[in-house]
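A short write-up of the structure that comes next.
Just so you know, ligand 1 is whichever comes first in the structure, and atom 1 is the first atom listed for that ligand. A quick note: this is a predicted structure, and the numbers were derived from the prediction, not measured.
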Amino acid sequence: MYVNVAVLKETQPHERRVALTPSVVPKLIKLGAKLHLQSGAGDAIKLADAAFKDVAIMDDPIAMVHDADVVLAVQPPALAVIDAMKVGAILVCFVYAANQPELVQRLLEKKITCFAMERIPRISRAQAMDALSSQSALAGYYAVALGMTHLAGVLPKITSAAGVVGPAKVLVMGLGVAGLEAIATAQRLGAVVEGYDIRPATKEQALSLGATFVDTGVDATGKGGYARALTPEETTKVDAALTQHIQASDLIITTAAIPGKASPKLISKAQVAGMKAGAVIIDLSAEGGGNCEDTEPGKTIEVGGVTVVAPLNAPSRLGKDASELYAKNQYALLALMMKDNIITIDWTDEVIAKTALTHDGELCDAEAETEAKRPDDAKAKAAKPAKSPAQAA
Ligand SMILES: NC(=O)c1ccc[n+]([C@@H]2O[C@H](COP(=O)([O-])OP(=O)(O)OC[C@H]3O[C@@H](n4cnc5c(N)ncnc54)[C@H](O)[C@@H]3O)[C@@H](O)[C@H]2O)c1
């Protein structure tokens, strides 16, 4: 007996990641997986099919998923792939159900048990599975590297016989996983770094990384360690406190997000107009519309003398390392449900219950269609223990 696992080649534009890497193959085989990989799945990161030892390479994704007990991917697969899956099979990938009503409908119709990677709870026990964190950390690093390529100056202080240049002033706005990694990276590269977040709890983290913290006197700490939206009065107060920091910066990296909402605007057009010529904004929140009023998601634009860069799917740009971490995140999740060559889902396990999006033709959470990321979702406890079959291959 074994569990048939199929790994898809990503099809969305600019997606370079793959849900399986060679280092994870033996781990999955040890759990009882028989692995199948769509041919060319690693092409975008120069990972040849031949690098995957003990994995069956298949050309046709439809034929591949037909017999699969578990299908692994990074992005949600095409609807035709869902239609070709076995009734009751398992799908593990990022979903963001609010953006995917048709896909969710198909998952329900095919009674697919779907585990949505963005729903992994942010608890200590699930850290090894937390793909939001692994991918955000890489995005934070990438933002600094990208910023450097757009700056016409250096980050550290460099002394030559002709004089001294640098250091650059870097402001990181939004100090979740990505923001903290951006601070750490900019610090390592010798910039003078300031951090800002609407949750004052982040101050200590910024200081511990060697940055200073911009205190606006507003606390918008929301549920589960996330931020809440600001009131108009709070926005005015924050803007007033931030303007001088924004306009003194050479490089600004923004990462602010509020679960289920559009990206909060942290930098107004007026503030950009007052920035230094040659300054650069890297807006990592482009998927949610961006943190800067001038941001055009997916584009690099010049506004006066300021360059505003808004990359989409930043982790994918570091596809090799992003795939490695993502594949390990998925392995850690699968290890909760694969043992002795069979799948046994323990619906009383908080991580399983909260990560499941659909099971046996039902949504595991009534609000799943409208909410993408809910770390302290108490309702997941209600996720149908009575209907939890052990699935054997
Ligand atoms: N325990 C764990 O295992 C674990 C793992 C990862 C993250 N977390 C926690 O989860 C939480 C969210 O992390 P994330 O990286 O997903 O965050 P996120 O991507 O949801 O948001 C990024 C940051 O933007 C900030 N933000 C939102 N609105 C803002 C505004 N108007 N102005 C300034 N900043 C604003 C948020 O406070 C957050 O720090 C954090 O508390 C983090 O510490 C816990």
Practice task
Would you check if V218 and I198 make a side-chain contact, meaning some heavy-atom pair closer than 4.5 Å?
Solution key: yes
Practice task
Please work out whether the ring planes of F115 and W347 are parallel, tilted or perpendicular, with thresholds of 30° and 60°.
Solution key: parallel
Fill in the blank from the handout: Per-atom filter on ligand 1: closer than 4.0 angstrom to a heavy atom of Y226 are 12 (C), 16 (O), 20 (O)
Exercise for the section: Could you tell me whether G224 and ligand 1 have an N or O pair separated by under 3.5 Å? Expected result: no
Problem - Considering all heavy atoms, the nearest A227-R199 contact - result: N-CD, 4.0 Å
Exercise for the section: Verify side-chain contact (heavy atoms from CB on, under 4.5 Å) between I123 and V351, making sure each step is shown before the conclusion. Expected result: CA-CA 9 Å; I123 57 172; V351 177; 4.0 Å; yes
Handout entry: Residue pair T243 / Q271, side-chain donor-acceptor N/O under 3.5 Å
Key = yes
Practice task
Answer yes if Y96 and L333 sit in the same cluster of Ile, Leu, Val, Met, Phe, Trp and Tyr residues linked by side chain heavy atoms under 4.5 Å apart, and no otherwise.
Solution key: yes
Practice task
Could you tell me whether R125 and D349 make a salt bridge, using a distance below 4.0 angstrom between a side-chain N and a carboxylate O?
Solution key: yes
Problem - Ligand-residue contact atoms, ligand 1 with V177, heavy atoms, under 4.0 Å - result: 6 (C), 7 (C), 15 (O)
Practice task
Would you check the N or O atoms of P259, main chain and side chain alike, for any that come under 3.5 Å of an N or O of ligand 1?
Solution key: no
Practice task
Pick one of side chain, backbone, both or neither for how I198 approaches ligand 1, counting any non-hydrogen atom pair under 4.0 Å.
Solution key: both
Exercise for the section: May I ask you to identify, for S133, whether its side chain, its backbone, both or neither come under 4.0 Å of ligand 1 on a heavy-atom basis? Expected result: side chain
Practice task
Check whether any heavy atom of M173 sits under 4.0 Å from an atom of ligand 1.
Solution key: no
Practice task
Using a 4.0 Å heavy-atom cut-off, say whether D130 meets ligand 1 through its side chain, its backbone, both or neither.
Solution key: side chain
Handout entry: NZ/NE/NH1/NH2 to OD/OE distance under 4.0 Å, K328 and E324
Key = yes
Exercise for the section: State the atoms of ligand 1, each with its element, that fall below the 4.0 Å cut-off from a heavy-atom position in Q127. Expected result: 2 (C), 3 (O)
Practice task
For the pair D250 and K169, find out whether any cationic side-chain nitrogen is under 4.0 Å from an anionic carboxylate oxygen.
Solution key: no
Practice task
Using a 4.0 Å heavy-atom cut-off, say whether R122 meets ligand 1 through its side chain, its backbone, both or neither.
Solution key: both
Practice task
Start with the C-alpha gap between N329 and I120, add the side-chain angles, then the distance that decides, and say whether side-chain contact (heavy atoms from CB on, under 4.5 Å) holds.
Solution key: CA-CA 10 Å; N329 292 144; I120 301 261; over 6 Å; no
Fill in the blank from the handout: Counting heavy atoms under 4.0 Å, the part of P264 that contacts ligand 1 is side chain
Practice task
Check L266 against ligand 1 and report side chain, backbone, both or neither, counting heavy atoms closer than 4.0 Å.
Solution key: side chain
Exercise for the section: Could you list the atoms of ligand 1 found under 4.0 angstrom from a heavy atom of A227? Expected result: 26 (N), 27 (C), 28 (N), 36 (C), 37 (O)
Practice task
Could you pull out, from L284, D197, L242, I258, the option with a heavy atom nearest to atom 36 (C) of ligand 1?
Solution key: D197
Handout entry: Backbone or side-chain N or O of R228 under 3.5 Å from ligand 1 N or O
Key = no
Exercise for the section: Please confirm whether L132 comes under 4.0 Å of ligand 1, counting heavy atoms of the residue only. Expected result: no
Exercise for the section: Could you tell me whether a side-chain N or O of N291 sits under 3.5 Å from a main-chain N or O of L266, the two making a donor and an acceptor? Expected result: no
Exercise for the section: Look only at interatomic distance and state if G225 has a nitrogen or oxygen under 3.5 Å from any nitrogen or oxygen of ligand 1. Expected result: yes
